[in-house]
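What's counted below: heavy atoms across the whole structure, side chains too, no hydrogens, waters or symmetry copies. Chain naming here is simple, since letters A, B, ... match the order of the sequence lines and numbering starts at 1 in each.
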Amino acid sequence: MSEHHAPKQFDPVVILSERFARAIRAAFPDAAAADPMITPSRRAEFGDFQSNAAMPLAKKLGVNPREAAAKIIAELDLGDLAEPVSDADIAGPGFINLRLKPQTLGAMLGAMDTPSLGIDPPADPPTVVVDLCGVNLAKQMHVGHLRSMVIGDAVARSLERLGAKVVRQNHVGDWGLPIAMVTSRVRGEAEAGRLELDGLTLDDLDRLYREAQLECSPDGRGLAAARKWDMGPKAIAELEAQVSGSEEALARAKATLLSLQSGDAETVRVWRTIADVTLNECLAICKRLRVLVDEEHSAGESSYADELSPLVQDLIDRKVAEEDHGALIIRVRDVTQPCLVRKSDGGFLYATTDLAAIRRRVQKLGADRVIYCVDARQSLHFQQVFGAAIRAGYATKPGAHSHSSLEHAGFGMVLGEDHRPFKTRSGENVKLAALLVEAEERALRVVTEKNPDLPETERGPIASDISVAAIKYADLSNDRVKDYVFSFDRMLSFEGNTGPYLLYALVRVRSIFRKAAERGIEGEPGAELLLREPAERTLALTLLRYPSVLRAVGETLEPHRLCNYLYELASSFSGFFDACPVLIAEDPAVRASRLRLCALTGRVLEDGLTTLGMPTPQRM
RNA sequence: GUCCCGGUAGCUCAGCUGGAUAGAGCAGCGGACUUCUAAUCCGCAGGUCGAAGGUUCGAAUCCUUCCCGGGACGCCA
């Protein structure tokens with residue numbers, strides 16, 4: 001209490017842990033460091049919190065657990081924090097149940113009611129690089145990108161909220177042979193007069209990309225099969241022509257890659273056009289989804305192109321890399337497959353670029369953590385690259401004695417309701433843009449139906465908010481690494497555990513304050529919190545958990561923890577809202593207390609939703 | 001073949017370093033609207049936590065084996 005700079009402690013788990021630790025030290029000097037194991041009770045009838053410390057303690061010391069619990073209680077000094085604890089509060093094998101006094105609960109909540117909501121930045125904020133989005137040139141964005149954008153953004157926002165200095169990096173796939181292929185194709189089509197570079201769209205590019213892939217990759221297996229099954233000279237001749245045609249196209253693509261690398265003006269112009277068209281569309285979708293990724297966050301593979309050759313030379317010079325079957329590899333501890341950094345034809349691979357990226361992110365950008373929000377299927381790749389980067393010293397900041405943390409926040413696939421990868425009926429990838437349009441149309445229909453009083457001009461933006469909330473929440477509320485089933489009907493049914501439900505809870509809070517203003521009622525920021533009703537207690541206990549939930553998200557990079565929490569909060573609030581009249585409460589003190597509860601709930605909801613990257617409309 | 005990830009209610013999913021009678025939502029059934037936005041709330045019903053062993057006071061959670069599903073496996077990204 002003497003250090004007035006230290007934030008006032010409000011977290012009941014922390015406060016109770018201190019008291020229990022003291023009691024344990026007194027009761028069992030031999031096990032002075034034992035964990036008090038304080039957790040919120042799972043069921044309200046057991047009280048507010050419980051200590052599970054007695055059982056492990058008894059096991060360690062070879063005594064009866066209930067007796068151990070009794071000895072802890074005998075030494076326990078909870079002052080006026082909680083209702084008196086007696087042996088009657090020892091339950092089952094030795095749980096100690098606790099119930100906070102209403103005044104204490106109110107005081108704790110009051111202490112959390114600060115501008116930061118109890119989440120203050122650390123004294124020495126870490127720098128965190130978050131790799132997200134990761135679009136590829138000339139490819140239409142689909143649901144796979146959705147996850148990287150949505151999860152990556154939520155992770156970045158969470159870390160920012162916790163006080164980290166976050167640097168977002170959009171590692172655009174804008175280099176290498178596939179890009180050269182499409183560049184070559186686009187240039188060829190333009191020169192043949194079949195394509196206008198100025199009016200190029202992403203749809204054009206998407207088509208040309210696939211054509212380029214086809215034209216460059218012969219169906220060698222088809223030819224082999226034709227020979228094997230003796231499909232006749234005609235079929236074989238056709239396939240042979242295809243193969244030789246593809247060899248020509250491939251040669252052109254390789255030449256285009258060389259031109260690009262050497263900075264040939266005309267080739268670069270075509271390539272830049274492709275990049276601009278792709279990136280504009282990508283950034284537009286980010287904006288629409290409220291994903292904070294902009295032009296300044298782009299750090300394409302091309303930006304590392306000049307670093308690769310010296311980097312590989314450095315690896316050779318320092319004997320980190322070795323030759324194997326003509327290729328250059330880095331062996332990594334605990335990973336059976338080595339990391340391949342140069343092909344036997346001298347070309348570089350995506351691992352090479354990723355090494356350069358890690359080096360830049362750690363050594364230039366100063367990252368203490370580098371986080372990759374990338375498909376979980378790439379986990380082996382990241383194990384290899386992380387291990388190689390650490391071995392090479394690229395993951396260590398200048399002057400630091402240990403390497404920064406490299407983390408792959410992988411995510412599962414988006415599945416359709418048939419549990420197969422989410423595709424259109426014709427088997428195409430679902431375009432992100434089309435997905436957003438459909439969600440918004442559906443949302444507009446429901447808004448119109450549910451709230452016909454809303455002015456026309458407000459419905460559009462609200463439908464947009466709701467559709468974004470629905471899509472993002474559906475993605476974020478499932479465990480990141482698992483696949484999840486995409487269903488418009490479920491996410492937009494607006495019932496139960498959905499994004500719109502959370503928005504609705506917030507809107508109800510805001511509505512109360514609009515109503516209050518109409519009636520000339522003002523909330524008192526410092527009103528005493530009177531928590532007499534069960535619904536008020538539940539809401540207060542839920543609110544107090546917010547900071548620790550957010551910290552857990554920062555550590556585990558699992559936004560679904562915050563989703564679950566916000567759902568519980570919205571649910572607690574709905575229960576409170578139903579059971580406890582606010583504006584029409586008779587006692588002015590009760591009304592003031594409830595208004596403050598509402599205000600706090602609104603702020604936590606808004607803060608949490610914003611941290612997830614969800615919109616926070618005023619009404620819906 | 002090797003390695004990784006999953007399997008929890010009819011459906012979609014939570015379940016923290018082992019803790020009480022395994023929880024939500026949807027769907028089903030039954031209640032609550034002269035509303036502080038019912039996009040809500042309350043109740044009922046619904047489970048051999050993939051299977052079998054093991055560890056222990058206690059296992060959905062940890063270990064082993066197996067079954068099922070998905071994925072990744074140097075010269076694509």
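For the 3.5 Å distance criterion, the side chains of A:His419 and A:Asp483 fail to qualify, holding no donor opposite an acceptor. Under 3.5 Å, the side chains of A:Tyr473 and A:Asn497 contain a donor-acceptor pair of N or O atoms.
Residue pairs satisfying the salt bridge (charged side-chain N to carboxylate O under 4.0 Å, His left out) criterion with at least one member in residues 407-416 of chain A, sequence neighbours excluded, are listed as follows: A:Arg369-A:Glu407. Residue pairs meeting the salt bridge (charged side-chain N to carboxylate O under 4.0 Å, His left out) criterion with at least one member in residues 495-511 of chain A, sequence neighbours excluded, are A:Arg510-A:Glu606.
Among the atoms of the strands shown, base atoms are found under 4.0 Å from some heavy atom of A:Ser344. Using a 4.0 Å heavy-atom criterion, one finds that A:Asn97 contacts the bases of the nucleic acid, with or without backbone contacts as well.
Residues meeting the salt bridge (charged side-chain N to carboxylate O under 4.0 Å, His left out) test with A:Arg619, sequence neighbours left out: A:Glu458.
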For nucleotides 6-9 of chain B, print each protein N/O atom paired with a nucleotide N/O atom at under 3.5 Å, atom names and distance only.
from	atom 1	to	atom 2	distance (Å)
B:G7	OP1	A:Lys482	NZ	3.3

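Using a 4.0 Å cutoff on non-hydrogen atoms, the parts of residues 511-518 of chain A near RNA chain B are A:Ser511, A:Ile512, A:Arg514, A:Lys515, ordered by number.
Spacing between atom CZ of A:Arg377 and atom P of B:G70 amounts to 13 Å, rounded to whole angstrom units. Regarding A:Asp483, its CG atom lies at a distance of 10 Å from the C1' atom of B:G69, rounded to whole Å.
A donor-acceptor contact under 3.5 Å links the side chain of A:Gln50 to the base of B:A20.
Secondary structure note: stems in RNA chain B built from 3 or more consecutive Watson-Crick or G-U wobble pairs under 3.5 Å occupy B:1-7 with B:67-73, B:10-13 with B:23-26, B:28-32 with B:40-44, B:50-54 with B:62-66.
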